[in-house]
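Have a look at the structure below before the remarks.
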Amino acid sequence: MTYRELFRDLRRSRRRARRWLVLLPIAVVVVVSSPSGYGPAAARPSSCDRPVVLVGEVASDTASLAGLRRDLDRAGMCATVLDYGRTPLATDLARAGGLRLNGLTSLEDSGRELVGLLRSASPDRPLTVVAHGGGALAVQYALTHGVPTGRVARLITLGPLWNGTGVAGLADIEQISRRLGTYDTVLRLERPIVDPICASCRQLVTGSDFLVAMRRAAFPTPGVSYVDIVSRSDGLAGDPRTSTAPGSRVVVLQSIDPRANVDHFRLPADTLVRSLVVDNTRG
């Protein structure tokens, strides 16, 4: 091959490359907008027989629910991840392109916010709510503080914290503080420091005022079907036999797969957990 022929082929290659660069954005748009694709324009019926809303764990990124949402959409449900409980600091972080952290306000404030979100989500159909850990506590508060009867048909929880967590001895420390009469004093000192960062975190501790009040309210909520998906290797919720709701349907991962070794924070991403959520949303 002469240098002239080589130069001619090189120019042709460049022209072909430019044409592909022009066509590439069009190809991307076609793929994303195709009903078989998963993206912003993927097929999402305006009315769905089985609408599902996903509520993340306290102080979790909404991205942790992306795989679960995708599985539910592929199974024919209309799944929506709810943004809730953002502090001003978390809102600024999300706007700057950082993590989209939910559930940082108090569980009461998060619950009141969820009342409006659950009222407006697919108003023509009863909802299935899938909530991770402490997110279910905020949902439960919403159910007893303004969500209309029949609005939520089923609440599926992943690693429920109905009895809170005593990880690292926090529950024991709190009970000792109450017995010594120092709890209220410590709380007054703690709130201005902790609450702007994560007001709900201290409410997850076993025996917290929030959990005591929740038990005094109507719990479980009449008319709502509860499904608690638990793991013996949760690590945060403690013994799954004591972390479930009274009368709930309890699904223990290890009873299905004895090799399952899923901790609390990996539950929404686990393949078995996701399949169980899909199955229990259908059933």
Side-chain angles (χ1 to χ4, degrees), residues 28-57 60-86 94 100-103 110-143 146-160 220-221 223-229 248-249 251 267-283:
V28 170
V29 170
V30 170
V31 170
V32 170
S33 60
S34 170
S36 61
Y38 183 79
R44 275 182 175 275
S46 57
S47 179
C48 181
D49 289 336
R50 291 173 179 169
V52 182
V53 296
L54 308 179
V55 179
E57 173 63 283
S60 70
D61 185 359
T62 53
S64 66
L65 299 172
L68 180 54
R69 174 187 171 182
R70 188 161 51 244
D71 288 357
L72 287 163
D73 280 351
R74 286 173 176 167
M77 288 76 164
C78 305
T80 304
V81 179
L82 299 186
D83 285 329
Y84 78 103
R86 290 241 179 99
R100 299 173 64 86
L101 298 178
N102 283 335
S110 290
R112 282 187 283 267
E113 187 177 355
L114 286 173
V115 169
L117 293 172
L118 294 174
R119 279 176 175 268
S120 60
S122 298
D124 57 331
R125 300 282 181 179
L127 295 172
T128 292
V129 178
V130 182
H132 183 201
L137 298 176
V139 173
Q140 182 60 37
Y141 185 91
L143 291 175
V147 173
T149 302
R151 179 85 280 261
V152 173
R154 181 170 300 171
L155 174 55
I156 301 173
T157 71
L158 313 180
T221 300
V224 178
S225 174
Y226 288 71
V227 179
D228 291 331
I229 298 176
S248 68
R249 180 186 176 193
V251 182
L267 285 167
D270 183 75
T271 304
L272 175 58
V273 172
R274 283 157 49 177
S275 67
L276 287 170
V277 170
V278 172
D279 290 344
N280 280 278
T281 302
R282 285 187 179 130

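Quantities reported herein were computed from a predicted structural model and do not represent experimental measurements.
- Nearest approach of A153 to P126, heavy atoms of both residues: CB-CB, 3.9 Å.
- Annotation: side chain of L118 is in contact with side chain of L82 (closest heavy-atom distance under 4.5 Å).
- Rounding to the nearest 0.5 Å gives a distance of 4.0 Å between CG of D71 and CZ of R274.
- Taken to the nearest 0.5 Å, the NE2 atom of H132 stands 5.0 Å off from the CG atom of L267.
- The two residues Y84 and G56 come nearest to each other via the heavy atoms OH-O, 2.8 Å.
- Scanning both residues, I229 and P160, for their nearest heavy atoms gives O-CD, 3.7 Å.
- Counting all heavy atoms, side chain and backbone alike, G146 lies closest to R119 at O-NH2, 2.7 Å.
- Counting heavy atoms from C-beta on, the side chains of D270 and P268 never come closer than 4.5 Å.
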- request: Verify side-chain contact (heavy atoms from CB on, under 4.5 Å) between R154 and T281, making sure each step is shown before the conclusion.
  value: CA-CA 8 Å; R154 181 170 300 171; T281 302; 5.7 Å; no

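- Residues V227 and V251 form a side-chain contact, since some pair of their non-hydrogen atoms from C-beta on lies under 4.5 Å apart.
- No side-chain heavy atom of V115 sits less than 4.5 Å from a side-chain heavy atom of Y141.
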task: With salt bridge (Lys or Arg N to Asp or Glu O under 4.0 Å) as the test, would you mind laying out the steps for D73 and R70 before giving the verdict?
output: CA-CA 5 Å; D73 280 351; R70 188 161 51 244; over 6 Å; no

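- Distance alone, capped at 3.5 Å, places no donor-acceptor pair between the Y226 side chain and the T157 backbone.
- The CG atom of L65 sits 6.0 Å away from the OG atom of S60 when rounded to the nearest 0.5 Å.
- A121 and L127 make their closest contact through O-CD2, 3.6 Å (heavy atoms, listed as atom of the first residue, atom of the second, distance).
- Considering all non-hydrogen atoms of both residues, D83 and E113 come closest at O-OE2, 3.8 Å.
- The closest donor-acceptor contact from the side chain of N102 to the backbone of G85 lies at 3.5 Å or more, if one exists at all.
- Counting heavy atoms of neighbouring residues, nucleotides and ligands inside a 6.0 Å radius, atom CZ of R249 does not exceed 12 of them.
- In this structure, OG on S120 lies 8.5 Å from CZ on R151, to the nearest 0.5 angstrom.
- Expressed to the nearest 0.5 Å, how far CZ of R86 lies from OG of S110 amounts to 11.0 Å.
- Here the options are V139, L68, V53, V81, the test is side-chain contact (heavy atoms from CB on, under 4.5 Å), and the partner is V130; only L68 passes.
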